[in-house]
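Hydrogens, waters and symmetry mates play no part in the numbers below; they use all other heavy atoms, side chains included.
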Amino acid sequence: MMDKLAQLTEIKRIASVMEEKSMGSGPGFFVVTSPFVGEGKSLMATGLAMHRAVNLSGKVLLADFNWRTPRLHELFNRKQNFSFQDLKSSDDPLEYVQRTNYTGLELLTAPKSKDCDQFSDSLDICRSILTNAQKTYDRVIVDTCSMFPANRFMLDPVRLARDAAGTMLVFMAGVTPRDMAKKAVSIFKEYELSLTGILMNDFRNPMHGRA
């Protein structure tokens, strides 16, 4: 399934837009989020990262900033090999990056600490990681938490998107309420954030339906 994921037509289209946006602004990083949990954003972030790594030269980092409900380590069969305190005290947080089975694609999992996004400096640490990663990688793709319901402990994807080259929104076909989909898009317009594209995830037939 992982290999087929990177070949989905919508993944290819969004990846193409990402490359166009990057031509004038440099590598940057891209955020992937969704209105609610369980809409497939981790799979879509993985597909985008794999497509970039497989089809273009250079190094790609896929980072899991969905610290409340991380999934990327499961998708790539990797262990969460550090705690939040390890990350905070490290001179180089990128030392915890792991290789994947795909040439050019590396992974930074979420910390193994429980509820580590509750610390007040979590967002600052994530921003620092992204600043350093952009110096090392040709592309950085970030899987974040969902936008709703917002809470004071979340690593807010909207705040991360302020510094991003672009953001992808993932909706689940037939499941995401239309009013909440509109609300998510309106937030990006309100804060004048770059919305690169919207991916419609058809969970009932993910390999043959629309991504």
Side-chain angles (χ1 to χ4, degrees), residues 2 5 27-50 52-53 59-102 104-170 193:
M2 295 281 279
L5 184 63
F29 68 91
F30 288 82
V31 168
V32 181
T33 188
S34 61
F36 297 104
V37 173
E39 297 190 276
K41 61 180 176 50
S42 295
L43 275 175
M44 296 304 106
T46 297
L48 288 167
M50 288 174 56
R52 177 58 171 79
K59 294 174 62 178
V60 179
L61 177 66
L62 179 59
D64 196 339
F65 287 174
N66 182 10
W67 287 2
R68 187 59 61 95
T69 54
R71 193 184 174 203
L72 294 184
H73 64 286
E74 296 175 349
L75 292 176
F76 287 93
N77 194 27
R78 295 293 185 269
K79 292 183 178 180
Q80 294 167 278
N81 60 345
F82 60 93
S83 67
F84 174 77
Q85 293 303 323
D86 291 332
L87 198 65
K88 184 175 179 178
S89 61
S90 175
D91 293 330
D92 180 17
L94 295 181
E95 69 176 302
Y96 298 113
V97 167
Q98 302 179 57
R99 293 182 178 180
T100 71
N101 294 331
Y102 299 89
L105 178 58
E106 298 184 347
L107 173 69
L108 180 66
T109 72
K112 58 187 177 183
S113 315
K114 184 178 180 180
D115 296 336
C116 56
D117 57 351
Q118 68 181 292
F119 298 109
S120 59
D121 53 354
S122 297
L123 185 62
D124 290 336
I125 290 174
C126 287
R127 284 173 167 162
S128 177
I129 291 171
L130 290 171
T131 297
N132 291 332
Q134 290 174 79
K135 300 174 184 177
T136 304
Y137 293 89
D138 298 283
R139 177 70 64 250
V140 180
I141 296 176
V142 184
D143 181 23
T144 67
C145 64
S146 57
M147 296 175 65
F148 312 120
N151 66 77
R152 65 191 181 93
F153 294 139
M154 71 189 296
L155 281 171
D156 188 355
V158 175
R159 295 178 69 183
L160 283 170
R162 289 176 180 173
D163 302 317
T167 300
M168 275 67 68
L169 271 175
V170 179
L193 302 175

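For Arg99, the side-chain contact (heavy atoms from CB on, under 4.5 Å) test picks out Glu106, with sequence neighbours left out. In this structure Arg159 satisfies the salt bridge (charged side-chain N to carboxylate O under 4.0 Å, His left out) test with no other residue, sequence neighbours excluded. In this structure, the side-chain contact (heavy atoms from CB on, under 4.5 Å) partners of Ala110, at least two apart in sequence or on a different chain, are Asp64, Trp67, Pro70, Gln80. Asp86 meets the salt bridge (charged side-chain N to carboxylate O under 4.0 Å, His left out) test with no other residue; sequence neighbours excluded. With sequence neighbours excluded, no residue satisfies salt bridge (charged side-chain N to carboxylate O under 4.0 Å, His left out) with Asp92. For the side-chain contact (heavy atoms from CB on, under 4.5 Å) test, residues two or more places apart in sequence or in another chain that qualify with Ala53 are Val60, Leu105.
Within the 4.5 Å cutoff, the side chain of Leu62 has no heavy atoms near those of the Tyr137 side chain. Side chains of Val31 and Arg162 form no contact here, defined as non-hydrogen atoms less than 4.5 Å apart. Between Ile125 and Leu87 the shortest side-chain heavy-atom distance falls below 4.5 Å. Considering only heavy atoms from C-beta on, Leu48 stays 4.5 Å or farther from Arg139 through its side chain. Residues Phe29 and Leu61 form no side-chain contact, since every pair of their non-hydrogen atoms from C-beta on lies 4.5 Å or further apart. Contact check for Thr167 versus Val158: no side-chain heavy atoms found under the 4.5 Å cut-off. Counting heavy atoms from C-beta on, the side chains of Thr109 and Phe82 come closer than 4.5 Å.
Atom CZ of Arg71 sits about 5.0 Å away from atom CG of Leu43, to the nearest 0.5 Å. In this structure, the separation between CD1 on Ile141 and CE on Met44 is 12.5 Å, given to the nearest 0.5 Å. Once rounded to the nearest 0.5 Å, the distance linking CG of Asn101 with CG of Leu107 reads 11.0 Å. To the nearest 0.5 angstrom, Ser42 atom OG is 6.5 Å from Leu75 atom CG. For the atom pair CG (Leu108) and CD (Glu95), the distance works out to 10.5 Å, reported to the nearest 0.5 Å. Atom CG in Asp138 sits 5.5 Å away from atom CZ in Arg52 (nearest 0.5 Å).
Checking side-chain atoms of Ser34 against main-chain N and O of Glu39 turns up no donor-acceptor pair under 3.5 Å. Checking side-chain atoms of Thr33 against main-chain N and O of Cys145 turns up a donor-acceptor pair under 3.5 Å. The backbone N or O of Asn66 lies less than 3.5 Å from no partner atom in the side chain of Thr144, so there is not a single donor-acceptor pair. The main-chain N or O of Asp143 is never found under 3.5 Å from a side-chain atom of Lys41 such that the two would form a donor-acceptor pair. Remark: the backbone N or O of Lys79 is paired with a side-chain donor or acceptor of Gln98 at under 3.5 angstrom. Formation of a donor-acceptor pair under 3.5 Å by the Ser128 side chain with backbone atoms of Asp124 is not found in this model.
The minimum heavy-atom distance linking Phe84 with Ser113 is given by the pair N-OG, 2.7 Å. Across all their heavy atoms, Pro35 and Val170 have their closest contact at CD-O, 3.4 Å. Pairing each heavy atom of Arg127 with each of Asp163, the nearest pair is NE-OD2, 3.5 Å. In plain terms, the two heavy atoms of Ser146 and Phe36 that are nearest each other are CB-C, 3.4 Å.
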